[in-house]
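Below, read A as the first sequence line, B as the second, and so on, with proteins coming before strands; counting in each chain starts at 1. Because the structure is a prediction, the values reported are computed rather than measured. Values reported hereafter were calculated over all heavy atoms of this structure, with side chains retained and with hydrogens, waters and symmetry mates removed.
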Amino acid sequence: MNKIYNKKYECVVRKSGDEYILVPVTDDIATMKHIYALNEIGMFIWERIDGKTPVNEIAEQIISDYETDKETAIRDVQAFIKKMAPIIEEIFEN
Amino acid sequence: MKSYKINIAEIVYQVSTDETGLILNPHPGYKNFLLIDNNEAPDIAISVKTGKPNLNGYRPVFNASLSTSAASLWKIYKFENHYCLNTRFQEKNEVYAMFDISFSRWDIFIASTHKDVLIIDPFSYPLGPIIMLYSTLISNGVMIHASGIRFHNKGLIFCGVSGSGKTTISEIFKNAGAEIINDDRLIIRRTGESIFNIYNTPMYYTDKKKQFQLNYCFFLEKSEQNSCIQLSGTASVARFSASCLQHNFHKDLITKQIDTVETICNTAATCRLGFVPDKKIISYVEKLINP
């Protein structure tokens, strides 16, 4: 849970009602098919996938901002990382 | 032929050349899309010539490729507000298509050492479908990998990844009396305040021009029993968008596509359709579209 991820692609984000559409700007034809619908928590996590913030810190911010329990926050972040795997990458510190 | 017009999804393209050594020869798949004795102004003007344009100052901005291959399918270069798409016709002639972000005019240069007459189809793959894609996007439409049918006076499309059963389900419905608009590639384009039509596009085979109003969009999933889950909001927009052709080198094109897809999903019913590939899916869908 102390892993760090970064976005692989610039994305176009569109708010629609209470949710968001996220489309990667890429010339890889396979990746173009990865278009995501995110809820508010998903967007909260996406904004913190910045190549600097460890996953456990993102979970702590969710606990703080959304008054959720630790188990739910960790589960949300892990599910998000799995779902977004095609357009994010783990950063390994030297 | 020195000039011709075609109508694809109610977008009129005029293709012409002034060069005596060039003959334009559209593929037979375009035959029923040709406009004969038509004087209306085209939406898209395409001029064809031989030679190579001056690309000084152009830099690459998009390289369409597959993850599985290093080979480039086509590239787009940019200089100020001008773009150049570079590809090949049938892996032979190098082609440079010059355009701007309005996509209303294309100047196609064919680099050829041909000394005699050169017979060419400017709409050959991949350039033709790319011109169609961008022209459709800026005209309140999208191109989509889907199968479209007219059934009980309703327009239905079936979307899904390759192998999800688009052709299979179309055949099942065809046997039950449905008209197949196309089982692979469609244009969905707005024609009225809240009306989107399904259009077929020219293919490698000859087919008549078809269109019908879009009422239902089904996202196919293999299943052990027929099932339907209605989608709404961003879930339907994301699913629909993923089936669209989207070689979007410019953020404005992505935004335009999301706008159009959002409107389509607010206009037509969208559902995940788990289906077993036999004729029971007919009565199952009939109950959905004629409750």
With a 4.5 angstrom heavy-atom cut-off, is it the side chain or the backbone of B/Phe62 that approaches chain A, or both, or neither? both

Check the pair B/Ile157, B/Leu186 against side-chain contact (heavy atoms from CB on, under 4.5 Å), reporting the backbone distance first and the verdict last. CA-CA 9 Å; B/Ile157 64 170; B/Leu186 302 165; 3.7 Å; yes

Centres of the B/Tyr58 and B/Tyr83 rings: under 6.0 Å? no

For the residue pair B/Phe240 and B/Phe219, categorise the inter-ring angle as parallel (less than 30°), tilted (30 to 60°) or perpendicular (more than 60°). perpendicular

Kindly assign one of parallel, tilted or perpendicular to the pair B/Trp106 and B/Tyr134, based on the angle between their ring planes and the thresholds 30° and 60°. parallel

Chain A contact via B/Ser236 - side chain, backbone, both or neither, heavy atoms under 4.5 Å: neither

Selection from A/Leu38, A/Leu22, A/Val23 maximising heavy-atom pairs under 4.5 Å formed with chain B: A/Val23

Chain A contact via B/Gln257 - side chain, backbone, both or neither, heavy atoms under 4.5 Å: neither

